[in-house]
Amino acid sequence: MPAPEPVPAVVEADVLVVGGGPAGTWAAVAAAEAGASVVLADKGYCGTSGSAAAGGNNLWYLPPGPARAESIDRRTAQGGSLTDRGWMHRTVDETYRRIERLAEFGYPFPVDEDGRQRRGSLQGPQYLRTMRRAVHRRGVRILDHSPALELLVDADGAVGGAAGVHRQDGWRPWRVHAKATVLATGGCAFLSGAFGLNVDTGDGALFAAEAGAELSGMEFSNAYALSPAYGNHTKGLMMQFATYYDEGGTVIPADGLGGREVLARHVVAGGRVFARLDKAPAGLHAAMRTAQPNYFIPLDKAGIDPFTTPYEVRFVLEGTVRGTGGLRLVSADCATTVPGLFAAGDVATRELVTGGISGGGSHNAAWAISSGSWAGAGAARAGARRAGLGPLRPAGRAGLRPAGRPAGSAGTADVVAAVQGEVVPLERNYFRTGERLRGSLATLDDVWAAVTAGLGGGTAYDVLKARQAAAMAAHARWMYRAALARDESRAMHRRDDRQATDPGLARRLLTGGLDEVWTRYEPEDTAVAA
């Protein structure tokens, strides 16, 4: 097999896509099909890393008809009245069309007994393998194992590409100068060990904030999932068939939308939770194993039949991956508040289509497809309009260019542990109070001061880890500032000291800043047209 073609230290392109999951690959396809020259840089190997590649993905996939309107009505009510019906209709319609394209790309959809393809879910490994092939066939240059470290901006603050390192080429630096950039770097799961999510440390949002981008919905970033205590698989599809028990074998009533909260309060009170998939019909057992084999592997290794034997489960933080918060979008083509910068997938806010509740696998998967396609096409158009690139400067700071004496690798693990100590516990993040939020913010503000003063330096590997730690610290502060500002309970944002929902606060809450984090409610007259 021939060696890969060496990559120049500086690559010129019309569009740079940062991230190689569903949103990034759809963005690359759309930009290339619009006639742009495209580079895609992935932190891992494009097509294998990230949450979607790790398991099965349900889809918000509905053919035209009344079922669409009914689904949108339900989501609007559940999402705390923060969705946008125009964006929701547009997303489900775009997803429906793009899945037809995916079939054309060669994705092997299963066929039912009548010969019709079943298109309501995707197997991650096959899905991303198909998308990588589609990206490659359209002439996109893929930089695998090439994490970005920062954005590049011109004298006016417009983004003109990014810089990073090649992990498998001696950590050699790379720069891509591009007329438009799409961030598709995923959300932030705080290195919690959730299935496939340790690559998602929130880097893209940090890069964007350093360039002046705004965020939205960060208070809705406290998504937790249930995983078998014997593994880390957090896909929730299986749990619809579960009955829950305490350690004494007594059933815990945890049905419906409030069921997860009942289980969480049981854990916070010091109890343990066990699940048994005894609601699954026997005829469905084999199909469940085929749909999500990774869920059953650790249980099988432990000698547990989950259909007959209760097994312990635990809560795992998924943060902004299954949550809602992310970069604010200001146009139908997913432009951010920074010129030249677009966002797609989990790095962008999903409030427009999910409101303040988790998009789970279905809505988030549809959003990745749709927003990626819109952002890629929008970036191609923006690149075509941009005459050229002037001198570019690096925008990165925290964990990359410390204000004081660089600490090298020292301190990164401490930063990660300190952030996790404030955001992982259910009693701090799932069940919030003003007092606990203020206490966590005091700690996190001190952590951020230490990050900006000394975190960074050392080897390129040290710098990558420092940037990830800095991104996690930034996310924690955005989340909790927004949670403190939203003085009510709404959707997944729970304030035990403000349990009522205030009808006057049915507006999206904006957040931004790094050293000084700010919040403000979005004015009612600034809705983004779909």
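Bear in mind that the values here come from a model prediction, so they are computed numbers and not experimental data.
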Tested for side-chain contact (heavy atoms from CB on, under 4.5 Å) against Cys334, the lone hit among Leu341, Leu183, Leu329 is Leu329

Please report the shortest heavy-atom distance between [X] and [Y], naming the atom on each side.
| X | Y | value |
| --- | --- | --- |
| Gly378 | Phe342 | O-CZ, 3.6 Å |
| Trp478 | Thr511 | CD1-CG2, 3.8 Å |
| Ala211 | Val159 | CB-CG2, 4.5 Å |
| Thr25 | Cys46 | CG2-SG, 3.8 Å |
| Trp448 | Ala470 | CZ3-O, 3.4 Å |
| Val338 | Ala213 | CG2-N, 3.4 Å |

What's the separation between atom [atom1] in [X] and atom [atom2] in [Y], rounded to the nearest 0.5 Å?
| X | Y | atom1 | atom2 | value |
| --- | --- | --- | --- | --- |
| Leu40 | Leu143 | CG | CG | 8.0 Å |
| Arg495 | Glu219 | CZ | CD | 11.0 Å |
| Trp367 | Trp374 | CH2 | CH2 | 6.0 Å |
| Asp93 | Leu62 | CG | CG | 11.0 Å |
| Thr501 | His493 | OG1 | NE2 | 9.5 Å |
| Thr519 | Leu215 | OG1 | CG | 12.0 Å |

Q. Ion pair present between Glu94 and Arg90, side-chain N to carboxylate O less than 4.0 angstrom?
A. no

Could you tell me if the side chain of Ser221 sits less than 4.5 Å from the side chain of His475, heavy atoms only? no

Query raised in the report: Side-chain contact, heavy-atom cut-off 4.5 Å: Phe220 with Arg350?
Result: no

Exercise for review: Evaluate side chain to side chain contact (heavy atoms under 4.5 Å, CB included) for Arg490 paired with Leu82, printing each intermediate quantity in order.
Suggested key: CA-CA 10 Å; Arg490 182 179 296 272; Leu82 297 175; 4.0 Å; yes

Is the backbone N or O of [Y] less than 3.5 Å from a side-chain atom of [X], with the two atoms forming a donor-acceptor pair by type?
| X | Y | answer |
| --- | --- | --- |
| Arg481 | Met479 | no |
| Arg75 | Thr83 | no |
| Tyr480 | Arg436 | no |
| Arg494 | Arg432 | no |
| His266 | Ile252 | no |
| Arg85 | Thr76 | no |
| Glu488 | Asp502 | yes |
| Thr324 | Gly355 | yes |
| Arg467 | Leu149 | yes |

Quick one about [Y] and [X] (side-chain donor to acceptor, distance below 3.5 Å, no hydrogens or angles considered), yes or no?
| X | Y | value |
| --- | --- | --- |
| Ser216 | Arg508 | no |
| Ser440 | Glu422 | yes |
| His89 | Arg68 | no |

query: Cationic tip of Arg265 within the cone over Phe431's six-membered ring, i.e. under 6.0 Å and within 45° of the normal?
result: yes

Scan the side chains in residues 189-203 for donor-acceptor partners under 3.5 Å anywhere in the protein, sequence neighbours excluded, and list what turns up.
| from | atom 1 | to | atom 2 | distance (Å) |
| --- | --- | --- | --- | --- |
| Ser192 | OG | Ala189 | O | 3.1 |
| Ser192 | OG | Leu317 | O | 2.6 |
| Asn198 | OD1 | Gly193 | N | 3.1 |
| Thr201 | OG1 | Lys43 | NZ | 3.0 |
| Thr201 | OG1 | Asp203 | OD1 | 2.6 |
| Asp203 | OD2 | Lys43 | NZ | 2.9 |

Here the side-chain hydrogen bond (donor to acceptor under 3.5 Å, both in side chains) pairs for residues 311-321, sequence neighbours left out, are Thr234-Glu318, Arg272-Glu312, Tyr295-Tyr311

Original post:
Going by the angle between their ring planes, with limits at 30° and 60°, are Tyr224 and Tyr430 parallel, tilted or perpendicular?
Top reply: perpendicular

Quiz item: Between His363 and Trp60, how do the two ring planes meet: parallel, tilted or perpendicular, split at 30° and 60°?
Solution: parallel

Q | Residues, nucleotides or ligands: over 12 heavy atoms within 6.0 Å of Gln240 CD | A | yes

The side chain to side chain contact (heavy atoms under 4.5 Å, CB included) partners of Ala223 (sequence neighbours excluded) come to Arg322, Met492

